[in-house]
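First the structure, in the form of structure tokens, and then the observations on it.
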Amino acid sequence: MQIKFFVVKGKNNISSIYVRFWDSNRIDQKSKTGLSVNYESWSKSFQQIKNTVNSPQKDFVNSKIRELRVFIVDEYNIDFNTQQHIGSSWLKDKIKKFFGRAYETELDKIYFTSWVQKFIDECPKRLYKGKPIAKRTIQHYITTINKLYSYEKHFNTRLRFQDINLDFYRNFLHYCLTVEKLNNNTTGGYIINLKMWCKNIEIEGLPINLQYKHSEFASISNKTKDVYLSENEINTIYNHDFSYSERLLNARDNFIIGLRTGLRISDFMKLKKINLKNDFIEIETSKTSHPVIIPMHEQVKEILTKRNGELPHQISDQKFNEYIKEVCKIVGFTETIEGAKMVNKKDEEGFFKTKKTDLKNKTRKEFGKFPKHELISSHVCRRSFATNLYGLLPNMTIMAITGHKTETQFLKYIKITPKEHAEKLKEHWSKELK
């Protein structure tokens, strides 16, 4: 097994440095390294730039030659002894790998975002735990890569695999939190996707920076003050007369169905008659493809009876969220409480500190104290369903309907306050005393 570096004199003084690698009759290949040198500065005997040359590139080129020599030998030992195919372009491919080069069609082997884009493009053909990847999950991947593109544009860079290190992690957090003013939970979701992609890149044998495994390179989150509606509040909504407005009546009925099924809006807004079977609702959820069977609440039955067996008209998520805020205001949910709502910050001068990155979406979550009806959205349905049943039914029974995989995840989702826990204990002791 031998390696030889050499130059070929051309028409001018700058010559390309070649390498030849051969091992008995198994392989004998030569290729350009991509390095170049003044022909007169090359030492044929030492196969490097002469030590007498006073040039800033001397140390760099000679160092790369030494590293490339070791790299080629190591790669050959691995490939030959693990029965890998050693084709006619083997040496050329290894040199490209060493220097991190790629053809236009192979950018996914060098650049992080190129690999991620290829991963997303292939998602419709991929499986996760034996099932197709949900459209909603793919959409979250697209949102994440768009954030990476914005990051690259802001810092005028293009991320390679080796760049995904702790410095990148800190810079990315800083960009999301202070430049785009995103909240911790949104940013943490991006980090989860980044780590998953890094793991897949490593499995493919590509040179991802292993600092992604560092304990600091972790998802971030913040405690949320999410709103839910109690049984009494739900009944107040149900019993209110909205017959004067078909728009509000339809929104209210859809709202009650969401509150009494614990389904996401993407599921309860697509319910059809075929899903209603003998006082049960049967549906496969769109996000997780999780089949659930939910007994019909009496209020849902009454809505169907009132509508001659027909479900309320389906409306868009945006209109639903707008209308149920109006519904809750009308029934009197106007007390001021802590929470968070989405606010468009496009006209708030100085909120975004930079104009370098043009942000398409300038709606951000704002924390503070607001009238309760302003904090109502479709997420209240599932959260109220789980919270109101907590303590009345076994957790596993509720989780079978809400689709939570672990009890830890479920307990984070419900919104029982410490005072409400204390009230439940007080009630329990009162019953024991009686």
Side-chain angles (χ1 to χ4, degrees), residues 34 56 60 64 96-123 138-202 204 206-222 342-366:
F60 172 78
K64 286 299 177 186
K96 280 166 52 183
K97 180 179 177 181
F98 174 78
F99 285 104
R101 303 180 190 134
Y103 296 123
E104 192 65 30
T105 56
E106 299 177 321
L107 295 180
D108 57 286
K109 296 180 181 178
I110 303 296
Y111 295 106
F112 186 70
T113 46
S114 296
W115 185 94
V116 171
Q117 187 63 64
K118 182 170 181 263
F119 175 91
I120 293 172
D121 292 342
E122 294 174 350
C123 271
I138 297 174
Q139 184 56 53
H140 192 242
Y141 292 160
I142 293 171
T143 303
T144 305
I145 195 175
N146 285 338
K147 204 57 60 185
L148 287 172
Y149 286 143
S150 297
Y151 173 92
E152 289 182 328
K153 181 179 179 181
H154 181 80
F155 289 103
N156 193 26
T157 187
R158 192 169 186 188
L159 295 166
R160 290 172 173 257
F161 293 142
Q162 59 267 33
D163 296 329
I164 310 302
N165 54 20
L166 286 174
D167 283 339
F168 159 77
Y169 170 79
R170 294 163 189 150
N171 289 335
F172 185 71
L173 286 188
H174 181 268
Y175 171 76
C176 289
L177 299 176
T178 65
V179 176
E180 292 214 12
K181 296 291 186 70
L182 300 169
N183 66 59
N184 284 15
N185 290 339
T186 299
T187 304
Y190 298 151
I191 299 298
I192 290 172
N193 286 339
L194 291 176
K195 288 177 72 70
M196 179 270 292
W197 289 329
C198 288
K199 185 176 181 180
N200 277 274
I201 291 168
E202 183 185 0
E204 290 184 14
L206 296 169
I208 191 66
N209 194 314
L210 296 182
Q211 287 186 14
Y212 84 88
K213 296 181 177 181
H214 195 281
S215 58
E216 183 186 337
F217 203 121
S219 175
I220 61 173
S221 63
N222 53 265
M342 302 304 290
V343 178
N344 195 333
K345 297 291 187 177
K346 67 177 182 178
D347 297 323
E348 187 172 326
E349 189 175 348
F351 183 82
F352 297 105
K353 295 181 180 179
T354 179
K355 294 182 179 178
K356 185 176 180 181
T357 302
D358 183 26
L359 304 176
K360 293 180 180 178
N361 183 359
K362 295 187 177 182
T363 301
R364 296 292 181 266
K365 184 172 282 190
E366 185 176 289

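In what follows, residues are counted from 1 in the order of the sequence shown. Not measured: the values here are computed from a predicted model. FYI, side chains are in, hydrogens and waters are out, and symmetry mates aren't considered; it's all heavy atoms of this structure.
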Quiz item: Considering residues at least two apart in sequence or located in another chain, which fulfil the ring pair (Phe, Tyr, Trp, His ring centres under 6.0 Å) criterion with Y169?
Solution: F217
Quiz prompt | Side-chain heavy atoms of C198 within contact of F112, under 4.5 Å | solution = yes
Quiz item: Taking only residues two or more places apart in sequence, or in another chain, which ones meet E152 in a salt bridge (Lys or Arg N to Asp or Glu O under 4.0 Å)?
Solution: none
Self-check item: Partner residues of K365 under the side chain to side chain contact (heavy atoms under 4.5 Å, CB included) criterion, sequence neighbours left out
Solution: N183, A340, M342, F367
Practice problem: Starting from the C-alpha separation in whole Å, work towards a yes-or-no answer on salt bridge (charged side-chain N to carboxylate O under 4.0 Å, His left out) for E180 and R364. | Solution: CA-CA 9 Å; E180 292 214 12; R364 296 292 181 266; 3.8 Å; yes
Quiz item: Quick one: CZ on F168 to OG1 on T157, what's the gap to the nearest 0.5 Å?
Solution: 10.0 Å
Quiz item: Got a second to check how far Y149's OH is from T113's OG1, nearest 0.5 Å?
Solution: 5.0 Å
Quiz item: Is there a donor-acceptor contact under 3.5 Å from the side chain of D163 to the main chain of R160?
Solution: yes
Self-check item: Intermediate values then yes/no, side-chain contact (heavy atoms from CB on, under 4.5 Å), T143 and N193
Solution: CA-CA 10 Å; T143 303; N193 286 339; over 6 Å; no
Practice problem: Working to the nearest 0.5 Å, report the span between CD1 of I110 and CZ of F99. | Solution: 12.5 Å
Practice problem: Side-chain contact test, heavy atoms from C-beta onward, threshold under 4.5 Å: evaluate it for I220 versus L177 and give yes or no. | Solution: yes
Self-check item: salt bridge (Lys or Arg N to Asp or Glu O under 4.0 Å) involving K199 - partner list, sequence neighbours excluded
Solution: none
Practice problem: Nearest 0.5 Å please: distance from the OG1 atom of T144 over to the CD1 atom of I120. | Solution: 7.5 Å
Quiz prompt | Set of residues satisfying ring pair (Phe, Tyr, Trp, His ring centres under 6.0 Å) with respect to F98, sequence neighbours excluded | solution = F71
Exercise. Could you tell me which residues satisfy salt bridge (Lys or Arg N to Asp or Glu O under 4.0 Å) with K213, sequence neighbours excluded, listed by chain and number?
Key: E202
Practice problem: Could you pull out all residues at least two apart from F60 that satisfy side chain to side chain contact (heavy atoms under 4.5 Å, CB included)? | Solution: L35, K64
Exercise. Provide the closest heavy-atom pair for S219 versus G189 in the form atom of the first, atom of the second, distance.
Key: OG-N, 4.5 Å
Practice problem: Look at the rings of F119 and W115 and say which category their plane angle falls in: under 30° parallel, 30 to 60° tilted, over 60° perpendicular. | Solution: parallel
Quiz item: Who are the side-chain hydrogen bond (donor to acceptor under 3.5 Å, both in side chains) partners of H214, not counting sequence neighbours?
Solution: none
Practice problem: Take the angle between the ring planes of Y190 and H140 and call it parallel below 30°, perpendicular above 60°, tilted in between. | Solution: parallel
Quiz item: To the nearest 0.5 Å, how far apart are CZ in R158 and CG in L148?
Solution: 12.5 Å
Exercise. For the residue pair W197 and I208, establish whether any side-chain heavy-atom pair is separated by less than 4.5 Å.
Key: no
Exercise. Sequence neighbours left out, what pairs pass salt bridge (Lys or Arg N to Asp or Glu O under 4.0 Å) with at least one residue falling in residues 187-198?
Key: none
Practice problem: Could I get the full list of side chain to side chain contact (heavy atoms under 4.5 Å, CB included) partners for S221, not counting sequence neighbours? | Solution: N185
Exercise. Starting at CD1 of I164, measure out to CG of L159 and round the result to the nearest 0.5 Å.
Key: 4.5 Å
Quiz item: Under the side chain to side chain contact (heavy atoms under 4.5 Å, CB included) test, which residues partner R170, sequence neighbours left out?
Solution: L166, D167, E216
Practice problem: With sequence neighbours left out, write down each residue that passes side-chain hydrogen bond (donor to acceptor under 3.5 Å, both in side chains) with Y141, or none if nothing qualifies. | Solution: none
Exercise. State, yes or no, whether a side-chain contact exists between D108 and L206 at a heavy-atom distance under 4.5 Å.
Key: no
Practice problem: Start with the C-alpha gap between Q117 and D121, add the side-chain angles, then the distance that decides, and say whether side chain to side chain donor-acceptor pair (under 3.5 Å) holds. | Solution: CA-CA 6 Å; Q117 187 63 64; D121 292 342; 3.1 Å; yes
